[in-house]
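Because the structure is a prediction, the values reported are computed rather than measured. Hydrogens, waters and symmetry mates are skipped; everything else that's a heavy atom, side chains included, is used.
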Amino acid sequence: MDNLRLILFFALAFILMMLWQAWDKDYGAKPQTTVTTETSTGQADTTSSVPSAVPASPAIGNNGTPSSVPEISSTAAVPMSTTDTSRPAVPTITVKTDLYTMEIGTVGGNVLKVFLNDYPASLGDKENSFQLMKPEVPELFVAQSGLIAGEGSTAPSHETPYQAGSNSYELADGADQLSVDLHWTSPEGVTVTKRYTYQRGSYLVTVQHILQNGSGKPWVGREYRQLMRTPPENNSAASKLLYTYTGGAIYSEENKYEKISFEDMEESKLSRDVKGGWIAMLQHYFLGAWIPPEDQTDTFYTNVLPGKRYVLGAYTPAVTVEQGANHTFSSGFVASPKLQDELKAISKGLDLSVDYGWLTVIAQPIFWLLKQIQGVVVNWGLSIILLTLLIKALFYKLSEASYKSMANMRRMTPRIQALKDRFGEDKTRLNAAMMELYKKEKINPLGGCLPILVQIPVFISLYWVLLESVELRQAPFIFWIQDLSIKDPYFVLPLIMGVSMFIQQKLNPAPPDPMQAKIMMALPVVFTVFFAFFPAGLVLYWVTNNVLSIAQQWYITRQIENAAAKA
């Protein structure tokens, strides 16, 4: 069985996998947990028609017991677009480090914009950095945090104005750390300092709410942090052909890595107590995440606000701060590329946000090997070629069985044609005669199928590795291919792949059925068009694999034909 049929098997497996994902997305089991708030009478209220921008956590009274908390308007939670003239823009503080250029709003102290300094916006715009977070619809993506006070106390939410000492901060040359403080004071004498601490060389930002209680009475409350975003609007042909997940995800020791899609948030509100773990909003190559302390049990929640704004957040247990005392709420914030080693060092399981699906156990070693090769040759395109060569060598014997079976079938083509001429339309007698011929010549027409089935999981894993690895974003190969993560701009690689498929067909016996022969002849054209929109790195892999397969198949076919001629 030739490599063309291997591609067909791969395509079928890939389509079945996509169909399963679509079915599970629409009809699979959904979490049944809901978020509830308690009224002052102690009864749960789940009928609120206006979602609150502040998490609907169980509020606490000044004695630590559950109590109601006034809802904050959901329409005031999100920074408005700069094109909205009905509301002034939120003043911002600009923070520059070696990795980040970040804008923090003085209202709420929220992260409104994040530019990643090491990642250009696009191949044609390398002067500007890629913007991961932004406060404008339709690409809204912001990180919010604040405090919820118990009955009789006040606290700054993510909608409360802060005071800052400056509107611009920058990590100085030679400095390893930068702190940015925002201040708030209540009429009762409670002061809160919201502090962002940046470390050189790290995407992890420490966010603290430092509370000092000068109110003359105990202060009871909790901290919350949340990520809010709208679904992406991307209708390009490439985005439709190549599925990449955009949505929420959480991690816990109990359930490990879980996706919380926008559809999940629509169907039911999440409310789950989790010790440690993290919450994140994911997109292709990048993520934003909040990371609670490892030894702290937080409640993870979701919410859906008007305007297709989806919220994934976490709030802490309630704490009591005595009069004259202080307390620090602390958590980590990350807005970064999906670099597995860095994410793994930041928090347990955060590297799983690079989602290779159900074949992660195979994909992870493949990515590790690809990265090791790249460390030597310093070219991701060449690394893909060498990795393909190594995989081909690993499965050489299995592929050899397939090609031997195909070569023997090719050798039998004249005799099979003679049987077809002899029996005409009598399919029963023709099939019986063919099976007798195979038995006599000791040929198993299905002998190459098992080796192919063994290789399919490896090829699917490699597909996800090449699709999900941010290292290939804007990674050049040679000449016209300057970004392996997007399609070949001149479609040269897809055309070469189509030609290689055509050559493979010529090495194989023609199907006895004329209709099958026409279909097989059309496949190179179909796959050329199909692969024209695939990332160049993926097409490079298939071209390399096809060329190696042609060489191996030609060599084995020639050996068998020479042996048959001598016999």
Side-chain angles (χ1 to χ4, degrees), residues 37-40 52-74 76-77 79 88 90-93 95 104-112 143-167 169 178-197 205-226 290 292-293 296 298-299 313-333:
T37 60
E38 293 193 8
T39 67
S40 57
S52 174
V54 173
S57 66
I60 49 271
N62 55 15
N63 58 356
T65 59
S67 175
S68 62
V69 62
E71 290 188 347
I72 296 178
S73 168
S74 61
V90 174
T92 60
I93 301 165
V95 182
I104 300 171
T106 56
V107 174
N110 304 312
V111 179
L112 302 182
Q144 304 167 329
S145 59
L147 301 178
I148 303 174
E151 187 176 328
S153 299
T154 56
S157 72
H158 66 275
E159 300 167 341
T160 304
Y162 281 86
Q163 299 296 321
S166 174
N167 60 4
Y169 294 83
L178 172 65
S179 293
V180 177
D181 287 356
L182 298 90
H183 304 282
W184 172 88
T185 302
S186 74
E188 297 81 13
V190 176
T191 63
V192 174
T193 299
K194 189 168 187 176
R195 177 172 295 166
Y196 286 84
T197 303
V205 181
T206 302
V207 182
Q208 297 173 307
H209 285 88
I210 305 170
L211 184 143
Q212 293 179 322
N213 184 12
S215 64
K217 61 181 179 180
W219 182 95
V220 182
R222 64 178 88 241
E223 180 193 47
Y224 67 94
R225 332 93 172 155
Q226 57 189 28
W290 283 108
Q296 179 175 287
D298 282 22
T299 300
Y315 59 80
T316 69
V319 299
T320 300
V321 183
E322 297 297 335
Q323 189 276 329
N326 57 62
H327 179 81
T328 299
F329 297 94
S330 183
S331 57
F333 172 71

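- Here Y196 contributes atom OH and I104 contributes atom CD1; the two are 5.0 Å apart, rounded to the nearest 0.5 Å.
- Partners of P161 according to the side-chain contact (heavy atoms from CB on, under 4.5 Å) rule, which considers only residues two or more places apart in sequence or in another chain, do not exist here.
- In terms of the side-chain contact (heavy atoms from CB on, under 4.5 Å) criterion, residue partners of T191 (sequence neighbours excluded) are, by chain and number, T185, Q212.
- Going from atom CG of N110 over to atom OG of S157 covers 8.5 Å, rounded to the nearest 0.5 Å.
- What you find for A155 and T160 is that their closest heavy atoms are O-OG1, 4.4 Å.
- To the nearest 0.5 Å, the span separating CG on L147 from NE2 on H158 amounts to 12.5 Å.
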Full working for side chain to side chain contact (heavy atoms under 4.5 Å, CB included) between Y224 and T299 = CA-CA 9 Å; Y224 67 94; T299 300; over 6 Å; no
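- Partners of H327 by ring-ring contact (aromatic ring centres under 6.0 Å, His included), not counting sequence neighbours, listed by chain and number: F329.
- Residues satisfying the side chain to side chain donor-acceptor pair (under 3.5 Å) criterion with S145, sequence neighbours excluded, are K194.
- Here the CZ atom belonging to R222 is positioned 14.5 Å from the NE2 atom belonging to H209, to the nearest 0.5 angstrom.
- Within the structure, salt bridge (Lys or Arg N to Asp or Glu O under 4.0 Å) pairs that include any residue of residues 178-191 comprise D181-R195 (at least two apart or interchain).
- Taking the ring-ring contact (aromatic ring centres under 6.0 Å, His included) definition, one finds that F333 meets it with W290, sequence neighbours left out.
- In terms of heavy-atom proximity, Y162 sits nearest to G109 at CD1-N, 3.9 Å.
- Scanning all heavy atoms of the two residues, the minimum distance from E322 to P218 falls at OE1-CG, 3.6 Å.
- Counting only distance, with no hydrogens or angles, the side chain of D298 and the backbone of A314 share no donor-acceptor pair below 3.5 Å.
- Side-chain contact check for Y169 versus S179: every heavy-atom pair is 4.5 Å or farther apart.
- Evaluation of the side chain to side chain donor-acceptor pair (under 3.5 Å) rule for S331 yields R225 as partners, not counting sequence neighbours.
- Interatomic distance, T320 OG1 to W219 CH2, rounded to the nearest 0.5 Å: 9.0 Å.
- Atom-to-atom distance recorded for S153:OG and N213:CG is 7.5 Å, nearest 0.5 angstrom.
- In this structure, I93 and L182 have side chains that are in contact, with non-hydrogen atoms separated by less than 4.5 Å.
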